[in-house]
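Read through the structure below, which is laid out as structure tokens, and then see the notes.
Lettering follows sequence order; numbering is per chain, from 1.
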2 protein chains.
Amino acid sequence: MSVTYRDIKADIFNQITTGALAPGGAMPSEVDLAESYGCARATVNRAMRELADEGIIERKRKAGTRVRMAPVRAARFEIPIVRHEIEKSGAEYRYALVHRAVMPAPDWLRARLGLDAAGRVVHLTCMHYADGTPYQHEDRWINLAVTPDAEHNDFSKSSPNEWLVAAVPFSNVQISFHAVQADAVLADHLGCTEGRALFQTERSTWWDEKAVAFVRLTSREGHRVTTQY
Amino acid sequence: MSVTYRDIKADIFNQITTGALAPGGAMPSEVDLAESYGCARATVNRAMRELADEGIIERKRKAGTRVRMAPVRAARFEIPIVRHEIEKSGAEYRYALVHRAVMPAPDWLRARLGLDAAGRVVHLTCMHYADGTPYQHEDRWINLAVTPDAEHNDFSKSSPNEWLVAAVPFSNVQISFHAVQADAVLADHLGCTEGRALFQTERSTWWDEKAVAFVRLTSREGHRVTTQY
DNA sequence: TAGTGGTCTAGACCACGGA
DNA sequence: CCGTGGTCTAGACCACTAA
């Protein structure tokens, strides 16, 4: 076993980045590559499959494999639990429940999550602090039709996020990042002035076609989401 | 071949989400699973490997496989070329070069990219329009030590991004998302008022330990980056 | 040191889809 | 149609690491 799938991946990646393999250009078939690398087709297959997953190459049955014209490279961002994110940075984490109410789902939420007119939700507002300073504001809505237990939890001690991941299954998640102006409430909680630019994450969670929860996370000024590949 | 690796993935995922497999709990070994599913170990291996890649489970040699305590789920965001993003939405794309200069690298950039004191760069400012309205502002710096050809390209016709992906190899990319206030220049170009919250992406590209380029992309008001998994 | 995951092999069958 | 990638198998050896 002298040739590993990693060797092949690296070799092909180099050929692409150095220009030996041109974007849009066709590559040899797996059988041919296996022969030229002197290994089994399965080994070549794994290398090529991973390159395809990473968006470097494009594969089609019969048509073969070619280098992507526009490398639609995908970046992976880890979506951590706030508490872990803060503790990992060495800071002390503190959670506070600001507001809790059980209510009929407002129209915008019903539309967003596809709830029916009778839909009831738990609405929570909470804050996450790092070393005593505001870190993130959480505005969460939990669908009681899917998660009735949420009605009897007061969420005064721990974040709804941590309760949800442990208590409720989910199959599908939508995430959106964008920038917002701080309104009076956010400015107050996050310790900035009104109108400041804040980074916001919205996340909808679904289980079996039914909405489980929607959350809007607003981070303190200057927050960045970073990754590398 | 009745049991596929997809079947196994789905089955295990369901066992986790429904609570049949508890977070932190140990799972059977690959050999045992292969027997109980009635398939080859390689099939189980592929299912488990993908679950591990997705951050659902955690694997260690000898120690075995266990369900992740805190599902550090990672979301994939595609980083498209602006032109493709706009054209895919059905709008007409237009590019404009605002400013071009060859100059010594400013201190903040030298520090950021690890350039030496003699480092020279091309500084470009450009705009991307969708159906004639401002879509994204691009502020780009290209390291001439790595990419000398950039000095003789005027970038008046096509975006530096498209030129770079075709002309320069890269091995490492760092991306950061955050929110900024529109300053006078950005407000002017993007057609909003000063102080508005804008979504900004910063990206550093490296090749073989040397910085290739740095770019700061500012999107028009209301821009969102979205994904689902 | 022994058990578990990581990987490779040689061969096979199949599904897709371009020609 | 028929070449290409997608996947499975049965078996093997190896690398890591907890016990």
> Can you check whether D149(B)'s main-chain N or O pairs, donor with acceptor, with T147(B)'s side chain at less than 3.5 Å?
Replying inline: no
> Taking the side chain from D131(A) and the backbone from E92(A), do they hold a donor-acceptor pair closer than 3.5 Å?
Replying inline: yes
How close or far is atom [atom2] of [N] from atom [atom1] of [X], stated in whole angstroms?
{"X": "D32(A)", "N": "dG3(D)", "atom1": "CG", "atom2": "P", "answer": "12 Å"}
{"X": "E58(A)", "N": "dC16(C)", "atom1": "CD", "atom2": "P", "answer": "19 Å"}
{"X": "I57(B)", "N": "dG6(C)", "atom1": "CD1", "atom2": "C1'", "answer": "14 Å"}
{"X": "R6(B)", "N": "dA15(C)", "atom1": "CZ", "atom2": "P", "answer": "14 Å"}
{"X": "E50(B)", "N": "dT7(C)", "atom1": "CD", "atom2": "C1'", "answer": "16 Å"}
{"X": "D53(A)", "N": "dG5(D)", "atom1": "CG", "atom2": "P", "answer": "15 Å"}
{"X": "N45(B)", "N": "dT9(C)", "atom1": "CG", "atom2": "P", "answer": "15 Å"}
{"X": "R59(B)", "N": "dA15(D)", "atom1": "CZ", "atom2": "P", "answer": "18 Å"}

If you draw the axis of the six-membered ring of [Y], does the NZ or CZ of [X] fall within 45° of it and under 6.0 Å from the ring centre?
{"X": "R140(B)", "Y": "W163(B)", "answer": "no"}
{"X": "R203(A)", "Y": "W141(A)", "answer": "no"}
{"X": "R94(A)", "Y": "Y129(A)", "answer": "yes"}

>> Centroid separation under 6.0 Å, is that true for the rings of F199(A) and F177(B)?
In response: no
> Does the distance from a Lys or Arg side-chain N to an Asp or Glu carboxylate O, for E30(A) and R46(A), drop under 4.0 Å?
Replying inline: no
> Got a salt bridge between E54(A) and K9(A), using NZ or NE/NH1/NH2 to carboxylate O under 4.0 Å?
Replying inline: yes
>> What I'd like to find out is whether the side chain of V67(B) reaches to under 4.5 Å of the side chain of I16(B), using heavy atoms alone.
In response: yes
> Mapping G64(B) and R46(A) to their closest nucleotides on DNA chain C, which lands nearer the 5' end?
Replying inline: G64(B)
>> For a quick check under 3.5 Å, do D7(A) and Y37(A) share a side-chain donor-acceptor pair by atom type?
In response: no
Examine [N]: is either OP1 or OP2 under 4.0 Å from a nitrogen or oxygen in the side chain of [X]? Give yes or no.
{"X": "R49(A)", "N": "dG6(D)", "value": "no"}
{"X": "T43(B)", "N": "dT9(D)", "value": "yes"}
{"X": "Y5(A)", "N": "dC8(C)", "value": "no"}
{"X": "T65(B)", "N": "dT4(C)", "value": "no"}

> Which atom pair, heavy atoms only, marks the closest approach of V180(B) to Q200(B)?
Replying inline: CG1-OE1, 3.3 Å
>> Using the side chain to side chain donor-acceptor pair (under 3.5 Å) definition, which of the options E138(B), Q136(B), R83(B) pairs with H128(B)?
In response: E138(B)
Which protein N or O atoms sit under 3.5 Å from an N or O of nucleotides 17-19 of chain C?
none

Between the protein and nucleotides 10-12 of chain D, list the N/O to N/O atom pairs that are separated by less than 3.5 angstrom.
residue : atom : partner : partner atom : Å
dA12(D) : N6   : R41(B)  : NH2          : 3.0

> Per the end-axis method with five pairs at each terminus, what is the bend angle of the helix from dT1(C)-dA18(D) to dG18(C)-dC1(D), to 10°?
Replying inline: 10°
